Structure formats: structure tokens, C-alpha cells
2 protein chains.
Amino acid sequence: MNDDSILLRRPLGELIAEQLRQDIYNRRIELGDRLIEADLAERFDVSRSTIREALKILEQEKLVLSKARKGTFVCRFTEEDLDELTEVRLIIESRAFVKALTHMEDKDFNVLADILTEMKQEAEIGDWNKLFDLDMLFHQTVVNRCGNVRLVKIYESIRVQIRVYIAHLDRYYTSFNSFYKEHKDLYNVLLKRDAGLVKKKIEDHIEYVEEKLLRNNKS
Amino acid sequence: MNDDSILLRRPLGELIAEQLRQDIYNRRIELGDRLIEADLAERFDVSRSTIREALKILEQEKLVLSKARKGTFVCRFTEEDLDELTEVRLIIESRAFVKALTHMEDKDFNVLADILTEMKQEAEIGDWNKLFDLDMLFHQTVVNRCGNVRLVKIYESIRVQIRVYIAHLDRYYTSFNSFYKEHKDLYNVLLKRDAGLVKKKIEDHIEYVEEKLLRNNKS
DNA sequence: AGTTTTTCTATTGTCAACAATTATTTGAAT
DNA sequence: ATTCAAATAATTGTTGACAATAGAAAAACT
């Protein structure tokens, strides 16, 4: 076993799950790939049981599907999957954002503002990957304040799946700057703390991102 | 290993998870109990790895929480948990029921009708456990037709948790018959296939069941 | 040649044993 | 008696090996 394991206090399986997740984000692992336990065990210098643990975690996040005695495969996301994910995302966020209004304090807004400035920078550089991560962070930051741990967890899982879908797209429809501006607008609406307005805005926002960014990008 | 394992085509871990789930429903295992892998392994005459697999499944369903190196414990549901669960349940069902309207056919309604007649019988006998299982089945049947697999899965998990919460209550507030009647009403509204009406009814229904059945039952 | 059956191989399912960690008990010192 | 420290026991984390299964390759049959 590797010696760093002593430094890291989390179970080994989680660390490996995290690694694999990153690999999927970065397309080192492609959708549809079969993951062979023995190979991964060798690669990470760890026993198969530990790999199995990691795969179970990814399976729970729906990033991977293992069929008994057939092996485990990286989920291949289709447009139908995106439809499903978007629907779930919509009903969760439209609730969570409104509820978050009652819990969010100044420091939370500051965090959002920081994310926005980073977003602006990355928009100028033009790094979609970073932009998506910031997007994820922005939304998660708000949802985290909704006061319902279970809702937060569910959202996390959905968001990761969308992130993977995005990571494996080849082209995007919108410009960097309009992507930033969308979030800036969303932020401004949040500042007003008007429930009705927020509900409408977040719904429009999700629709916007889906339509202008993710749809119709045959490369 | 046990010989039946050849008859059963599912992984052993899943079978054991199912067993444990039932044990929690039937209060053979109490909330807060610690589950010791070695003991379970002996009880089911199976290796610890298999038990670990089962526990991972239950953990994913949030019925059990395992802290690294501290052991795994059956989740102890509080009223706050019920609040959270009810909120998630509400936003999912109010969406799923409306969407199900477009997909439900006659045979689906027949299934519901059958559940209702069974419910009526059990209401006369007075078996809360059976009634709750039928309740679960009723709602799940509709949600299953919403056309979004992910929503269905999420709902399943939430529903199981609520089921456990209910199983560990000592007294209920409402009469058997009004419980049956509530579902009968819900069924009638579904028959009308009016989206707005259904949305309102399912929200009221959930509120009703929570308030009249689950709240304020200090025994 | 094409099809079915058999053999072989790669891979997952399961197990029992060992290592690391946490909890409990014992024993000393004050 | 109480508190702290060391030794002990109980339990989880991890491993490597064996068994069962599915898929591929080879062989036999027509």
C-alpha cells in the first residue's frame, strides 16, 4: 500500500473514487468505457476490494453502472438523460433558491461575488472547463443554504452528472461573456430577495443555459 | 456458503440488504443500533465482504450511516428529518403526479383501483403496516409513470426513509378509514386528468397525511 | 463453409486472514 | 476514590487467493 494513506484520513476507496471522477471530467476515461477492477487495482496500487468500494461510490452517483458479472461501465449520457437531469435540476433549484433567500447572509453573497469575479476572468481567458466548475460552485453555494440537507445531496448528484455530460461535449453554443453575464444577472436578482422574482429567474436561467449552451452542438 | 445462492441470481449483498431493510421495517433492528459486520456475517453465514456490500447499499438509501472506523449505525430519524423528507417528497410528487397524467393508461388506473380495494380491506382489519405498504405502492405506482427515471429513483429512496420513520412510530392520529378515504379521493381527482386540480390535491394530500398521521403522537 | 459444442481465458463474486484503529479494561500513582 | 497511562480486546480497513461465471477461441460435426 502507498505510504500517503497514512496522511489521508479518509477511506482509500473515497480517494480513488475522487480520482476516477476527475478522470471522467478530464476525458481520460471516456463514456461507455468498461472499468476492470484488476486493472484499476494495479494502477492505484491497491487491492480489488478497495476498487470495488470506489466503484460502489461512483455507482451511487450514477456515473457508473455495474451489471452483475458483466462488469461496470461508465454511464453514457444521452440527450434524454440531459432532459431528465434538467427537469430534476429545475424543480430542485427553483425550490432551493427561494428557500435559500431566508438563510443567506452577507458573507454568502460575498462568496457569490467572488465566484463572479473569477468567472469574469476565466471568461476573458476562455477556459470552459474552469467556467463550468465555477458555475457548479455558484449554484451549489446557493443550494447549500436552502436548509434541507437531503435536497442538497440530491442536487449534488444531479449536478455531477450534468458536469460529466458537459465535459464530454465538443462544442458550445454561447459566448464566454454571455455565460458570465447570465450569472451576474442571477446574482443581482438574488440580491433583491424577492421570492417570486428569484423563482422566475432561476427557471429562465436553467432554460437559457440548457438551450444556448448544451443543445444543438453537433460538431 | 449457503446453497440457495445458486437459485438466486442476484448478488448476495442485495439479498442481505433486503433482509436488513425488512428487519428495520419490522423493528427487529431499532433505530440507532450499531451493526457489527462480523455478527451479521455469522448470522447470514456469509463473509464480511458481502456484508459490507449490503451495508453500502443501505447507506446509499440513507437507512444507515457508517463513520470511518467507528462502525455503521441505523439512522435515527428525527422530526427534522421528517420535515426534510416531506419537503422533498412534496416537490417530487407534485411534479411527478402531473406529468404522470400524460402517460397513465387505463391499466394503470386499474392497478390503482386494485390497491384501493386492498386498502379498504386492510382498513377494516386495521393493520397499519399493510396500509402503509399499500400507501407506498399507490404513490410509487403513479410516480413510476412520470417518465423520468431519475425522479423515480430519488422518490424511491425518500419513500423508503419515510416508511422507516412511520414503522418506528408508536401511535397514529387518524382512523384507518379516513386514511383509505384520502387515497380514494386522490384517485378520483387523478381520474379527472386535470393538471391543476391534481397538483393541488397531491399537495393537500401529503400535508394531510403528515399532519393527521405523523405529527403529535407522543405515546 | 457454416453451425454447434467444447475448452479455455478473462473477469467478477466470495472468502478467510492480517493490519490498523478504536474502545475497554486494568493497574498504578496521587 | 479519582485520574491518568498502559495493556488488552473488539472492530473495521485492506489484502491476496480461490470459486463461479460470462465471453472468446478452438474443435468437432454436418
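From a predicted model like this one, the values you see are computed outputs, not experimental measurements. Every chain is numbered from 1 and lettered A, B, ... according to where its sequence line falls, protein lines coming before strand lines.
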Specify the separation, in whole Å, of atom [atom1] of [X] and atom [atom2] of [N].
X	N	atom1	atom2	result
B:Phe44	C:dG13	CZ	C1'	18 Å
A:Phe73	C:dT12	CZ	P	8 Å
A:Arg52	C:dT12	CZ	C1'	6 Å
A:Ile36	C:dA10	CD1	C1'	8 Å
B:Arg34	D:dA10	CZ	P	13 Å
B:Leu40	C:dT14	CG	P	16 Å
A:Glu42	D:dT15	CD	C1'	15 Å
A:Asp45	D:dT14	CG	P	13 Å

Exercise for the section: Give a yes/no on whether any side-chain N or O of A:Ser47 is located under 4.0 angstrom from OP1 or OP2 of D:dT14. Expected result: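 Negative; the distance criterion is not met.
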
Exercise for the section: Decide if the gap between the ring center of B:His183 and the ring center of B:Phe179 is smaller than 6.0 angstrom. Expected result: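 Here the rings of B:Phe179 and B:His183 have centres that are less than 6.0 Å from each other.
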
Handout entry: A:Arg163 to A:Tyr25, cation-pi by 6.0 Å centre distance and 45° axis angle
Key =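 A:Arg163 over A:Tyr25 ring: yes.
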
Please determine, for the side chain of [X], which listed nucleotide ([options]) has the closest atom?
X	options	answer
A:Val46	C:dC15, C:dG13, D:dT15	D:dT15
A:Ala68	D:dT12, C:dT14, C:dG13	C:dG13
A:Arg48	D:dT14, C:dT12, D:dT12	C:dT12
B:Glu37	D:dT11, C:dT14, D:dG13	D:dG13

Practice task
Give A:Ser49 one of three labels, base, sugar-phosphate or nothing, depending on what nucleic acid heavy atoms sit under 4.0 Å from its own.
Solution key: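 Result for A:Ser49 = base.
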
Exercise for the section: Tell me what A:Leu55 touches on the nucleic acid: a base, only sugar-phosphate, or nothing, going by heavy atoms under 4.0 Å. Expected result: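 Here A:Leu55 touches no strand at all.
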
Exercise for the section: With DNA chain D as reference, determine whether A:Thr50 or B:Asp39 sits nearer its 5' end, using the nearest nucleotide of each. Expected result: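 By nearest-heavy-atom nucleotide position, the 5'-most residue is B:Asp39.
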
Handout entry: hbond_proxy A:Arg69 side chain to D:dG23 base (donor-acceptor, 3.5 Å cutoff)
Key =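 No, the side chain and the base share no sub-3.5 Å donor-acceptor pair.
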
Problem - Of B:Glu203, B:Glu207, B:Glu210, the residue whose pairing with B:Arg89 passes salt bridge (Lys or Arg N to Asp or Glu O under 4.0 Å) - result: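 Single salt bridge (Lys or Arg N to Asp or Glu O under 4.0 Å) partner of B:Arg89 among B:Glu203, B:Glu207, B:Glu210: B:Glu210.
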
Handout entry: Which atom of A:Arg150 lies closest to which atom of B:Gln161, heavy atoms considered
Key =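 Minimum heavy-atom separation between A:Arg150 and B:Gln161: NE-OE1, 3.0 Å.
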
Exercise for the section: Please confirm whether the backbone N or O of B:Glu122 pairs with a side-chain atom of B:Asp127, one donor and one acceptor, at under 3.5 Å? Expected result: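 Absent.
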
